[in-house]
Amino acid sequence: MSQEFNEICRQLECWYATPAGEYLYQQERRIVTDLLKPLHGPRLLQLGFSSGQSLIADAGQAQKIYASALASGEAELCSSFNQLPFAAESIDILVLHHAIEFTDNPHQLLREANRVLSHRGEIIVVGFNPWSLFGISRMLQRPLGKQPWLQAQLLSKYRLRDWLRLLGMEVESVRHSYTVPPLGRGRLREFLLGLDAYTTYHNWISGGLYVMHGRKHVAGITPD
């Protein structure tokens, strides 16, 4: 991993320690846990930048592997995004936690995901929505921001859907959340929390977070 990539990972972990980041993490964990409940397959892998934000701790699968780009925190395994240390078709369910938008080669990551997933394996991708209040505010900060993670390219769910289809995966569902960040205090914060809960319940596509669930069917074409 490059020094810049490691710095991006550290800064993202620091952001997740803020109140807004902690709120988003709880939303991610709730949605992923809900999606995992009906899925079958004993071997579950989470891969992402974070070594301190497990989304699979509450899952019921027999073997849960928490892999991160950083060798610290709760993660049991430090792994490259571009070459996963698993045999072909050895993973039943794969959770990518902001891994695609913070790698320099998202196509290679998805090729590796496709390689390690078993036939009819499940993939859950957690990503930031560029077409949201969160995504737009981040875009506006980029010219002035000194934080490396602001420079990463967010991937729209439409492009991700196309890439997954090229690899022979069909998208089963997309969940959205974090339409309104929990800002302020008192009544303002309570109002915004209620508004975000409403938009999450009704799955508004304006959410700053999307969680896409896909299923592998057949070997597909590798995206260029």
In the structure I gave you, are the side-chain heavy atoms of [X] and [Y] within less than 4.5 Å of one another anywhere?
| X | Y | result |
| --- | --- | --- |
| Met169 | Leu117 | yes |
| Phe102 | His97 | no |
| Ser54 | Gln46 | yes |
| Pro130 | Ser156 | yes |
| Leu110 | Leu96 | yes |
| Phe49 | Ser68 | no |
| Tyr23 | Tyr178 | yes |
| Val126 | Leu55 | yes |

Could you walk me through whether His98 and Gln53 satisfy the side-chain hydrogen bond (donor to acceptor under 3.5 Å, both in side chains) test, starting with their C-alpha distance in whole Å, then the side-chain angles of each, then the deciding distance to 0.1 Å, before giving a yes or no? CA-CA 11 Å; His98 298 303; Gln53 279 80 35; over 6 Å; no
For residues 183-195, run the donor-acceptor check on the side chains, cut-off 3.5 Å, and write out each pair with its distance to 0.1 Å, sequence neighbours left out.
from   : atom 1 : to     : atom 2 : distance (Å)
Arg189 : NH1    : Pro182 : O      : 2.6

If I compare all heavy atoms of [X] with all of [Y], which pair ends up nearest, and what's the gap?
| X | Y | value |
| --- | --- | --- |
| Ile93 | Gln61 | CD1-NE2, 3.5 Å |
| Ile205 | Asn129 | O-ND2, 3.3 Å |
| Ala87 | Arg115 | C-NH1, 3.8 Å |
| Glu76 | Lys64 | OE2-O, 4.2 Å |
| Gly207 | Ser132 | O-CB, 3.6 Å |

To which residues is Tyr201 joined in a hydrophobic cluster, defined by side-chain heavy-atom contacts under 4.5 Å among Ile, Leu, Val, Met, Phe, Trp and Tyr, whether direct or through other members? none
With sequence neighbours excluded, tell me which residues meet salt bridge (Lys or Arg N to Asp or Glu O under 4.0 Å) with Arg43. none
Would you please test Leu77 and Phe86 for side chain to side chain contact (heavy atoms under 4.5 Å, CB included) and show each step? CA-CA 12 Å; Leu77 176 68; Phe86 299 97; 3.7 Å; yes
Steps toward side chain to side chain contact (heavy atoms under 4.5 Å, CB included) verdict (Ser50, Leu12): CA-CA 8 Å; Ser50 165; Leu12 274 168; over 6 Å; no
Which residue pairs pass the salt bridge (Lys or Arg N to Asp or Glu O under 4.0 Å) test with at least one member in residues 49-58, sequence neighbours excluded?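 Non-adjacent pairs meeting salt bridge (Lys or Arg N to Asp or Glu O under 4.0 Å): Arg29-Asp58.
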Pairs satisfying salt bridge (Lys or Arg N to Asp or Glu O under 4.0 Å), at least one member in residues 116-131, at least two apart: Glu122-Arg215
Counting only heavy atoms from other residues, nucleotides and ligands, does the tally under 6.0 Å from NE2 of His40 exceed 12? no
Gln26 atom CD: more than 12 heavy-atom contacts under 6.0 Å: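 Yes, the 6.0 Å shell around CD holds more than 12 heavy atoms from other groups.
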Given the rule in the side chain to side chain contact (heavy atoms under 4.5 Å, CB included) test, do Tyr66 and Leu44 qualify, once you have shown the distances and angles that lead to the verdict? CA-CA 9 Å; Tyr66 180 15; Leu44 166 63; over 6 Å; no
Distance, nearest 0.5 Å, that separates CG of Leu155 from CZ of Arg161: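 Answer rounded to 0.5 Å: 12.0 Å.
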Test log, rule side-chain hydrogen bond (donor to acceptor under 3.5 Å, both in side chains), inputs Gln11 and Tyr16: CA-CA 9 Å; Gln11 290 186 358; Tyr16 266 86; over 6 Å; no
Residue pairs passing the side chain to side chain donor-acceptor pair (under 3.5 Å) test where at least one lies in residues 30-39, sequence neighbours excluded: Asp34-Arg175
Side chain to side chain contact (heavy atoms under 4.5 Å, CB included) between Leu109 and His107, intermediate numbers included: CA-CA 5 Å; Leu109 171 57; His107 290 153; over 6 Å; no
